[in-house]
There are 2 protein chains.
Amino acid sequence: MKRAPTQKGRKKPASVDELRDICRQAGIKLTPQRLEIFKAISSAQDHPSAEILYERLKKRMPTISLDTIYRTLNTFEKLGLIKRVQLLNDQARFDADMESHHHFICTRCKKIIDFKWPDFDSTKLPENIKAFGKVYGQQAELRGICRQCLKKEESE
Amino acid sequence: MKRAPTQKGRKKPASVDELRDICRQAGIKLTPQRLEIFKAISSAQDHPSAEILYERLKKRMPTISLDTIYRTLNTFEKLGLIKRVQLLNDQARFDADMESHHHFICTRCKKIIDFKWPDFDSTKLPENIKAFGKVYGQQAELRGICRQCLKKEESE
DNA sequence: ACATTTAATAAGAATTATTCTTAAATAGGA
DNA sequence: TCCTATTTAAGAATAATTCTTATTAAATGT
């Protein structure tokens, strides 16, 4: 399976036809499970976990397994069809620097690099945020591949 | 133990003296374990996991347990002394919307609300980012308490 | 349409991260 | 210094995710 060249590639949720093409191009099969999982995640208004998708899909596909959901979500992520909302959900990571700063996260090695970004700090939030609730912190996250991992990639 | 009023409260990593005060005010004991964990996380240049801190601390405190590290990090988080880099590390959450958008995350119920923020999208990254590696995505995350959870809090 | 091949699935076991339980130890106020 | 409520260490328990393996089925060529 070929990894999507960059996450910037695609926009709006893909359609089922696009999914078919993408699978063909990646050389993977479009199974009924993949199709259903794709439809479920594309139409979801929340940001469901594998478990939640499992509960929802069991109604249509009573024999589907949680493992397939996980496997498929990982596949879709590699194909650039979906994103995981947060990258670091193997081990929790902690930070004692309480000053405003932001994070660059390497998607390969999970390294976190701090940086300052005053222009971000001074950018005013959209008006409609107030309706969400009380905000007490804001920060930017960049995703990318760090120098070391880029270097490693070259030499392969 | 009293929760810190808001994460905005403190700045720079706290000093050991501040820790002593904060513990007294919160009515919790300043144990040697807490002190060592605090020093380790404050002086760390990376963003260590509990496991990593455990490895580092075992040298000084051979009897410390991983459980204590977890417990203490949770305590420090509640006190507003440290932050976890990402909030959602119980269950991974997925998103099929590949258009640029940002997230408000409720720290109580873990609900995620999407929003658009064109002013952020058009804010130029600092120059020094280029040195980190290749960036292929950027997004903002707000942390706060959603309307529903605020309401629940009032009625308690 | 059919057979072939190779990838994908379901089921359950295994692994990993984190929290809970409990008995023993101890920080901090009286 | 003593007392007591907290905190700790150890190991058990739980929860999320991945791995193993036998079976099934999608895609390709005929």
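These values consider heavy atoms only, across backbone and side chains, with no hydrogens, waters or symmetry-generated copies. Here is how names work: the chains are called A, B, and so on, in the same order as the sequence lines, proteins then strands, and each is numbered from 1.
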Whole angstrom value for the distance that separates P of C:dA25 from CE of B:Met61: 16 Å

Would you please test A:Ile37 and A:Ile64 for side-chain contact (heavy atoms from CB on, under 4.5 Å) and show each step? CA-CA 10 Å; A:Ile37 293 167; A:Ile64 201 168; 4.1 Å; yes

To the nearest angstrom, how far is A:Ile52 atom CD1 from D:dA16 atom C1'? 14 Å

Please give, in whole Å, the distance from C:dT19 C1' to B:Leu66 CG? 11 Å

Taken to the nearest whole Å, CD/A:Gln25 to C1'/D:dA27 is 16 Å

By side chain to side chain contact (heavy atoms under 4.5 Å, CB included), which residues pair with A:Ala44, not counting sequence neighbours? A:Asp46, A:Pro48, A:Arg56

Evaluate A:Glu141 against B:Gln86 for side-chain contact (heavy atoms from CB on, under 4.5 Å), listing each step before the verdict. CA-CA 10 Å; A:Glu141 181 187 295; B:Gln86 296 195 333; 2.9 Å; yes

Taking the inter-plane angle between the rings of B:His103 and B:His101 on a 0 to 90° scale, is it parallel (under 30°), tilted (30 to 60°) or perpendicular (over 60°)? perpendicular

I want to check one thing: is the phosphate of D:dT8, taken as OP1 and OP2, less than 4.0 Å away from some side-chain N or O of B:Arg71? yes

Closest listed nucleotide, where the reference is the side chain of A:Arg34 and the choices are C:dA27, C:dT9, D:dA9: C:dT9

B:Arg93 CZ to D:dA16 P, in whole Å, measures 12 Å

By nearest heavy atom, map A:Thr72 and B:Arg84 onto DNA chain C; which one lands nearer the 5' end? A:Thr72

Please produce a list of atom pairs where a protein N or O lies less than 3.5 Å from an N or O of nucleotides 28-30 of chain C.
unit_1 : atom_1 : unit_2  : atom_2 : d
C:dG28 : OP1    : B:Leu30 : N      : 2.8

Let me spell it out: for each of A:Ile64 and B:Pro32, pick the nucleotide of DNA chain C with the closest heavy atom. Which residue's pick is nearer the 5' end? A:Ile64

Can you tell me if B:Ser65 touches the phosphate of D:dA10, counting only side-chain N or O atoms and a distance under 4.0 Å to OP1 or OP2? no

Under 4.0 Å between a side-chain N or O of B:Gln33 and OP1 or OP2 of C:dA27? no

Closest contact, heavy atoms only, B:Ile69 versus B:Ala50: CG2-O, 3.7 Å

The criterion is salt bridge (Lys or Arg N to Asp or Glu O under 4.0 Å); which residues satisfy it with B:Arg24, sequence neighbours excluded? none

Tell me, which pairs form a salt bridge (Lys or Arg N to Asp or Glu O under 4.0 Å) where one or both residues lie in residues 109-123 of chain B, sequence neighbours left out? B:Glu99-B:Lys116

Shortest non-hydrogen separation from B:Phe104 to B:Phe115 and the atoms involved: N-CE2, 3.7 Å

Starting at atom CZ of A:Arg20, determine the distance to atom P of D:dA26, rounded to an integer number of angstrom. 12 Å

Provide, to the nearest angstrom, the distance between the CD1 atom belonging to B:Ile69 and the P atom belonging to D:dA10. 12 Å

Quick one: sort the B:Phe38 and B:Phe76 rings into parallel, tilted or perpendicular, breaks at 30° and 60°. perpendicular

Indicate, with yes or no, if A:Ile113 and A:Phe120 share a hydrophobic cluster defined by side-chain heavy-atom contacts under 4.5 Å among Ile, Leu, Val, Met, Phe, Trp and Tyr. yes

Grab the NZ-C1' distance between B:Lys58 and D:dA9 for me, whole Å please. 14 Å

Distances under 3.5 Å only, N/O to N/O: pair up the protein atoms with those of nucleotides 11-14 of chain D.
none

Which atoms of nucleotides 13-17 of chain C (N or O only) lie under 3.5 Å from a protein N or O atom, and what are those distances?
unit_1 : atom_1 : unit_2  : atom_2 : d
C:dA17 : OP1    : A:Gln91 : OE1    : 2.8
C:dA17 : O3'    : A:Asp90 : O      : 3.1

Linked, directly or transitively: B:Phe94 and A:Val85 (ILVMFWY side chains, under 4.5 Å): no

I want to check something: taking the side chain as every heavy atom from C-beta on, are B:Leu73 and B:Leu53 in contact at a cut-off of under 4.5 Å? yes

